[in-house]
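Throughout, protein chains are lettered first and strands after them, A, B, ... in sequence-line order, and every chain is numbered starting at 1.
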Amino acid sequence: MITTPKYTRDLLPAEFSNDTSAQVHRFQFIEERARDLFRRYGFKEIRTPIFEHTELFARGVGTETDIVSKEMYTWKDINGDSLTLRPENTASVIRAYIQHKMWGQAETVKLFYVGPQFRRERGQKGRFRQFYQIGAEVIGNSDNPAIDAECIEMIMQLVADVGIGNAELRLNSVGDAESRPRFAEMIRRELAPKISSMCGDCQRRYETNPLRILDCKLDHEVVAGLPSTLDLLTDDARQHFETVCRYLDARGISYKIDSRLVRGLDYYTKTVFEVVSGSLGSQNALLGGGRYDGLSKELGGPAAKGFGFALGLDRFAMTIPENSGDQGNPDLYIAHLGAAAFERALVLVQGLRKKGIAAAVDFETRSLKSSMKLADKLKARYVLILGESELASGQWALRSMKDSSQSTISAENWLEEITNLVGAEEAV
RNA sequence: GCGAUAGUAGCUCAGUCGGUUAGAGCGCCUGGUUGUGGCCCAGGAGGUCGUGGGUUCGAGUCCCAUCUUUCGCCCCA
């Protein structure tokens with residue numbers, strides 16, 4: 001039997017999946033809520049290729065990151081190009097911003113994306129080799145803290161809209177280009193006497209990227225003893241961060257400042273944040289993001305500033321309440337008896353579907369009993385019973401599966417009567 | 001890449017010390033008299049016990065290998 005590749009999975013309709021966190025209607029529900037928010041906040045959708053030139057991610061994400069150094073699906077195309085399945089989407093969006101010279105059209109560009117990303121990681125709860133992200137980016141001349149605050153506001157609104165209650169927002173600033181060397185210098189100075197006893201990763205990071213040591217879980221006691229990097233921010237970066245905090249306060253958005261929060265992508269500057277949920281297990285980040293003022297230039301574009309975030313749809317789907325989303329069951333099922341009724345039913349569903357009603361009909365003619373069973377299994381809200389006596393009398397029976405009540409539909413006015421009854425409740 | 005778990009029916013699982021035709025619940029199909037779902041009752045279909053090798057008179061059960069799952073480390077969404 002051919003199955004899904006390692007650590008990938010099918011997202012299925014609810015009736016085919018016991019694993020609620022892999023049911024498509026939950027993903028659709030989250031996407032719908034997100035799209036509605038993006039519309040209100042003025043974000044337009046962008047769809048970038050699922051693969052790009054490898055160089056884009058190497059330069060954009062950073063060669064020192066885990067993602068680029070060991071998690072990318074990279075292959076050589078026939079013409080010799082090195083191509084890579086996108087491990088994240090921000091670099092692609094910035095690439096598109098540059099390629100299409102968007103800065104010439106609008107001072108501030110607001111884009112969002114929805115789609116699969118690929119990283120060759122070992123699977124685990126909430127982590128897959130093909131996973132889905134929704135993200136948004138604000139790109140332009142301005143690095144006004146109001147942008148940071150508005151994006152965070154929007155994303156926290158989404159968290160609330162989909163019904164996630166126990167999420168915590170963590171906030172930090174990783175500083176600007178001038179702050180970074182101060183962090184590194186401080187960390188090297190403080191850790192010089194202790195580094196030989198720290199873990200292998202930290203010893204390597206000590207040389208290559210000292211900031212990442214803050215992320216270490218093994219030597220967290222040593223890390224906890226370090227001075228806060230927030231004290232080392234340049235005036236500009238500090239002021240920016242304080243303003244973001246003030247703007248969030250004004251909106252009534254609560255957050256926890258975590259000076260050890262370091263993100264694994266190299267492009268972040270100043271504001272970084274993530275939202276975690278206690279109910280996720282070890283991979284507890286629901287979403288993450290921040291500011292990346294150097295990325296456009298790094299990729300050969302203008303010196304545009306940027307702010308963005310990505311949320312893990314798979315993890316959202318695990319966290320939203322049990323009954324979220326509409327499984328798409330029929331509004332009405334037609335139980336037909338006999339050849340004449342069957343042919344009539346085929347035309348009736350066409351009319352109902354044109355009116356926006358989810359009408360179902362079985363292609364086999366069967367007993368009324370098994371038709372009713374099927375309607376029950378399909379979770380149809382109503383059953384229209386169409387048999388010989390109904391056709392003869394012009395009085396059709398419409399049964400509510402919820403309360404077992406039955407009413408009569410007249411053959412002359414059937415479409416209106418049914419739409420009124422079935423469609424009216426639909427709107428509720 | 002490292003560590004740990006598990007793999008028996010569509011699903012969730014039981015299966016004793018190695019010993020006859022491998023079980024249960026749920027689901028599915030059929031029936032319980034005329035054209036009415038759920039509840040109940042009866043019957044039925046469905047399994048190379050992940051795969052390959054080995055030990056043995058005999059392997060779902062023991063050994064080795066391999067694949068896959070899940071969870072943790074790492075890292076991220």
Go through the side-chain N and O atoms of A/Glu71 and A/Tyr73 and say whether any donor and acceptor fall under 3.5 Å apart.
no

Could you tell me whether the side chain of A/Thr319 and the main chain of A/Arg315 form a donor-acceptor pair under 3.5 Å?
yes

Does the side chain of A/Asp19 come under 3.5 Å of the side chain of A/Ser21 through a donor N or O and an acceptor N or O?
yes

Without hydrogens or angle criteria, can the side chains of A/Asp161 and A/Gln157 be said to hold a donor-acceptor pair below 3.5 Å?
yes

Is any side-chain nitrogen or oxygen of A/Gln124 closer than 4.0 Å to OP1 or OP2 of B/rC71?
no

Measure the shortest side-chain to side-chain distance between A/Trp75 and A/Leu85 over non-hydrogen atoms and say whether it is less than 4.5 angstrom.
yes

What I want to check is whether the side chains of A/Tyr7 and A/Arg122 have a donor and an acceptor closer together than 3.5 Å.
yes

Determine the Euclidean distance between corresponding P atoms of B/rA4 and B/rC64; express it in Å to zero decimal places.
14 Å

Could you measure between the two P atoms, the one in B/rU8 and the one in B/rG52, and give it in whole Å?
15 Å

Flag yes if more than 12 heavy atoms outside A/Glu343 fall under 6.0 Å of its CD atom; otherwise flag no.
no

Could you give the distance separating B/rG25 and B/rA45 at their P atoms, to the nearest angstrom?
15 Å

Taking atom P in both B/rA24 and B/rC41, compute the distance separating them and give it to the nearest angstrom.
16 Å

Nucleic acid contacts - residues 19-50 of chain A versus RNA chain B, non-hydrogen atoms under 4.0 Å:
none

Could you tell me whether A/Arg129 sits above the aromatic face of A/Phe118, with NZ or CZ closer than 6.0 angstrom to the six-membered ring centre and within 45 degrees of the axis?
no

Do A/Ile418 and A/Leu348 make a side-chain contact, defined as non-hydrogen atoms from C-beta onward lying under 4.5 Å apart?
no

Within the 4.0 Å heavy-atom criterion, would you say A/Glu121 contacts the bases, only the backbone, or no part of the nucleic acid?
base

Could you tell me how far apart A/Phe16 (CZ) and B/rG27 (P) are, to the nearest whole angstrom?
17 Å

Starting at atom CZ of A/Arg120, determine the distance to atom C1' of B/rC74, rounded to an integer number of angstrom.
15 Å

Counting only heavy atoms not in A/Asn413, do more than 12 sit closer than 6.0 Å to its CG atom?
yes

Side chains of A/Glu137 and A/Thr90 only: does a donor on one sit below 3.5 Å from an acceptor on the other?
yes

Taking only N/O atoms, report every protein-nucleotides 2-12 of chain B pair under 3.5 Å with atom names and distance.
{"residue": "B/rC2", "atom": "N4", "partner": "A/Arg122", "partner atom": "NH1", "Å": "2.5"}
{"residue": "B/rG3", "atom": "O6", "partner": "A/Arg122", "partner atom": "NH2", "Å": "3.3"}
{"residue": "B/rC11", "atom": "O2'", "partner": "A/Asn18", "partner atom": "ND2", "Å": "2.8"}

Aromatic contact, A/Phe112 with A/Phe38 (centres under 6.0 Å)
yes

Give the residues of residues 129-137 of chain A touching RNA chain B, defined as any heavy atom closer than 4.0 Å, sorted by residue number.
A/Phe131, A/Gln133

Take atom P in B/rC11 and the same atom in B/rG7, then report the distance between them in whole Å.
14 Å

Going 5' to 3' through nucleotides 31-38 of chain B and flagging B where a protein heavy-atom sits under 4.0 Å of the base, S where only the sugar-phosphate is that close, and - otherwise, we get ----BBBB

Member of A/Val272, A/Asp148, A/Val174 meeting the side-chain contact (heavy atoms from CB on, under 4.5 Å) criterion with A/Arg291
A/Asp148

For B/rU21 and B/rA65, measure between their C1' atoms and round to the nearest Å.
32 Å

For A/Gly394 versus A/Glu412, what's the shortest heavy-atom pair and its separation?
O-OE2, 4.5 Å

For B/rC26, the Watson-Crick or wobble partner whose two distances fall under 3.5 Å:
B/rG10

Does the side-chain hydrogen bond (donor to acceptor under 3.5 Å, both in side chains) test come out yes or no for A/Ser400 and A/Asp403, once each step is laid out?
CA-CA 6 Å; A/Ser400 163; A/Asp403 57 21; 3.0 Å; yes

Looking across every strand, which nucleic acid part, if any, lies under 4.0 Å from A/Ala375 by heavy atom: base, sugar-phosphate, or nothing?
nothing

Would the distance check show the side chain of A/His240 and the main-chain N or O of A/Asp143 forming a donor-acceptor pair, the cut-off being under 3.5 Å?
yes

Starting from P on B/rG72, measure out to CZ on A/Arg127 and report it in whole angstrom.
9 Å

Say you pick atom C1' in B/rA9 and the same atom in B/rC74; how far apart are they, in whole Å?
39 Å

Distance check, C1' atoms only: B/rU61 and B/rG50, in whole angstrom units.
16 Å

Whole angstrom value for the distance that separates C1' of B/rC74 from CG of A/Asn284
14 Å

Toward the 5' end of RNA chain B, which comes first, A/Tyr7 or A/Tyr268, by nearest nucleotide?
A/Tyr7

Residues 41-54 of chain A, side-chain donor-acceptor partners within the protein, below 3.5 Å, at least two apart:
{"residue": "A/Tyr41", "atom": "OH", "partner": "A/Glu153", "partner atom": "OE2", "Å": "2.5"}
{"residue": "A/Glu45", "atom": "OE1", "partner": "A/Arg35", "partner atom": "NH1", "Å": "2.7"}
{"residue": "A/Glu45", "atom": "OE2", "partner": "A/Arg47", "partner atom": "NE", "Å": "2.9"}
{"residue": "A/Glu45", "atom": "OE2", "partner": "A/Arg47", "partner atom": "NH2", "Å": "3.4"}
{"residue": "A/Thr48", "atom": "OG1", "partner": "A/Arg86", "partner atom": "NH1", "Å": "3.4"}
{"residue": "A/Thr48", "atom": "OG1", "partner": "A/Asn89", "partner atom": "OD1", "Å": "3.0"}
{"residue": "A/Glu52", "atom": "OE1", "partner": "A/Arg95", "partner atom": "NH1", "Å": "3.0"}
{"residue": "A/Glu52", "atom": "OE2", "partner": "A/Ser92", "partner atom": "OG", "Å": "3.0"}
{"residue": "A/Glu52", "atom": "OE2", "partner": "A/Arg95", "partner atom": "NH1", "Å": "2.5"}
{"residue": "A/Thr54", "atom": "OG1", "partner": "A/Ser82", "partner atom": "O", "Å": "3.0"}
{"residue": "A/Thr54", "atom": "OG1", "partner": "A/Ser82", "partner atom": "OG", "Å": "2.7"}
{"residue": "A/Thr54", "atom": "OG1", "partner": "A/Leu83", "partner atom": "N", "Å": "3.3"}
{"residue": "A/Thr54", "atom": "OG1", "partner": "A/Leu83", "partner atom": "O", "Å": "3.4"}
{"residue": "A/Thr54", "atom": "OG1", "partner": "A/Thr84", "partner atom": "OG1", "Å": "2.7"}

Starting at the 5' end of RNA chain B, which residue's closest nucleotide do you reach first, A/Arg315 or A/Lys125?
A/Lys125

Would you mind reading off the distance between A/Leu378 atom CG and B/rG27 atom C1', rounded to a whole angstrom?
15 Å

Stepwise, does the side-chain hydrogen bond (donor to acceptor under 3.5 Å, both in side chains) test hold for A/Tyr97 with A/Gln99?
CA-CA 6 Å; A/Tyr97 175 82; A/Gln99 181 173 338; over 6 Å; no

Short N/O separations, protein against nucleotides 46-51 of chain B, under 3.5 angstrom:
none

